[in-house]
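Taking it in order: structure first as structure tokens, then the write-up.
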Amino acid sequence: MACFLVSGAEAVVVKAVEKAEEKKELKRIESGDVSVNSATIPLSRKLKWLFNLLLGGAVLLAFEHVWHGEVVAWFPFLTAMSDPADASEMFHEMATVGVTMALLITAVWAGMCVTADAIVKRNASDTASNEA
Amino acid sequence: MTLLITVFAAVISTVIWYNRENDDMKLGPLLFMYWGASIMWFVDAIFEYAELGAEYFAPALEDIINDTFLGLSVVALGLVIWVVRLLILDPKGKIGRILIRDRKTV
């Protein structure tokens, strides 16, 4: 009914965190912080992956809801909002399906980050051993 | 069916992204979009399976056709979003060159 809104809301929060993190990283680079090295993936880049996953999924799911007539172009935009019984069912769906979707995407992203860090470390150690 | 079509689109776009020689085509957001939608529809499928049981795997022909049409439309929408973004970002500078050339000839 409106499960995509949960992921959409998380995407907005993630974008805000990503922008703040980007500023911090830029400041650290400008100040010549030695802890920033090229062998790690910046958090802002990882957050961009999460944002793309969440927003991309939410946009395509929103299209599905338009397809099924659950999202309309006029106020209140969600057909379920016009009836209190439908609205409560919609909120229940958001709390169950919507939250599970957002959690699974975040879990997949966390797995992706761990794997990506391992790949970068492996490549860095391979390069170092080849040079030695 | 929508889930299946989106998963295929995600896998194909990932393979194309992996074999790319440079990032000129800006494929990253396209595959994230398809993977994000696939995960979300997967969750939707689990909840539907919990509700319907084995009946979930025996949909009516009309539902299969509708879902196939929806899946293909979703893939098309993803491609349209990606190509519009590509033209706006214009990583090869082709659009910019065409617009400057057209301005000189007009």
Side-chain angles (χ1 to χ4, degrees), chain A residues 1-11 14-15 18 41 44-71 89-90 92-113 115-116 119, chain B residues 1-11 13-14 17-18 23 26-52 56 59 62-63 65-86 89:
Chain A
M1 283 182 162
C3 46
F4 66 93
L5 287 179
V6 180
S7 300
E10 191 187 335
V14 167
K15 192 70 189 173
E18 180 205 316
I41 303 164
S44 61
R45 191 176 173 197
K46 289 175 183 168
L47 288 170
K48 202 170 272 177
W49 299 342
L50 180 59
F51 173 76
N52 283 334
L53 276 171
L54 288 165
L55 190 76
V59 167
L60 295 185
L61 244 79
F63 175 72
E64 188 223 342
H65 286 73
V66 173
W67 182 280
H68 289 132
E70 291 166 352
V71 175
E89 196 188 328
M90 182 190 82
H92 180 258
E93 198 193 89
M94 282 170 75
T96 52
V97 183
V99 169
T100 313
M101 282 172 174
L103 285 176
L104 186 63
I105 285 187
T106 311
V108 168
W109 168 77
M112 243 176 81
C113 290
T115 313
I119 292 169
Chain B
M1 207 59 182
T2 312
L3 168 64
L4 216 63
I5 290 170
T6 318
V7 168
F8 276 119
V11 171
S13 56
T14 306
W17 170 83
Y18 185 75
D23 198 29
K26 301 280 175 200
L27 282 165
L30 179 71
L31 61 103
F32 277 120
M33 196 158 42
Y34 286 149
W35 279 119
S38 298
I39 295 167
M40 287 166 85
W41 268 309
F42 176 66
V43 172
D44 211 30
I46 290 171
F47 274 88
E48 219 172 310
Y49 176 73
E51 197 182 305
L52 299 173
Y56 173 77
E62 199 183 324
D63 290 342
I65 293 168
N66 189 270
D67 277 356
T68 305
F69 197 25
L70 172 62
L72 293 174
S73 303
V74 162
V75 173
L77 177 67
L79 288 171
V80 168
I81 293 171
W82 165 69
V83 86
V84 167
R85 186 176 178 272
L86 181 72
L89 291 176

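So that the names make sense, note that chain A is the first sequence line, chain B the second, and so on, each numbered from 1. Quick note: numbers below take in every heavy atom, side chains included, and nothing from hydrogens, waters or symmetry partners.
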Exercise for the section: With rounding to the nearest 0.5 Å, note down the distance linking CD1 in B:I5 to OH in B:Y34. Expected result: 11.0 Å

Handout entry: Listed partners of A:F51 passing ring-ring contact (aromatic ring centres under 6.0 Å, His included), at least two apart
Key = none

Handout entry: Toward chain A, the part of B:I81 with a non-hydrogen atom under 4.5 Å
Key = side chain

Exercise for the section: Measure the CE-CG distance between B:M40 and A:L54 for me, rounded to the nearest 0.5 Å. Expected result: 7.5 Å

Problem - Leading residue by heavy atom contact count with chain B [cutoff under 4.5 Å; candidates A:T96, A:V59, A:L55] - result: A:T96

Exercise for the section: Please step through side-chain hydrogen bond (donor to acceptor under 3.5 Å, both in side chains) for the pair B:T14 and B:W35, ending with a clear verdict. Expected result: CA-CA 9 Å; B:T14 306; B:W35 279 119; 2.8 Å; yes

Exercise for the section: Please flag which part of A:V108 lies under 4.5 Å from any non-hydrogen atom of chain B: side chain, backbone, both or neither. Expected result: side chain

Handout entry: chain B contact via A:W109 - which portion, at a heavy-atom distance below 4.5 Å
Key = neither

Problem - Between CG on residue A:L53 and NZ on residue A:K48, distance to nearest 0.5 Å - result: 14.0 Å

Completion exercise
For residues 66-76 of chain B, the side-chain hydrogen bond (donor to acceptor under 3.5 Å, both in side chains) pairs (sequence neighbours left out) are A:W67-B:N66

Completion exercise
For residues 51-64 of chain A, the side-chain hydrogen bond (donor to acceptor under 3.5 Å, both in side chains) pairs (sequence neighbours left out) are A:E64-A:H68, A:E64-B:W41

Fill in the blank from the handout: Answer key: most heavy-atom pairs under 4.5 Å with chain A among B:I39, B:L77, B:L70 is B:L70

Completion exercise
Among residues 98-107 of chain A, residues within the sub-4.5 Å heavy-atom range of chain B, in order of number, are A:T100, A:M101, A:L104, A:I105

Exercise for the section: Calculate, to the nearest 0.5 Å, the distance between atoms CD and CD belonging to A:E93 and A:E70 respectively. Expected result: 7.0 Å

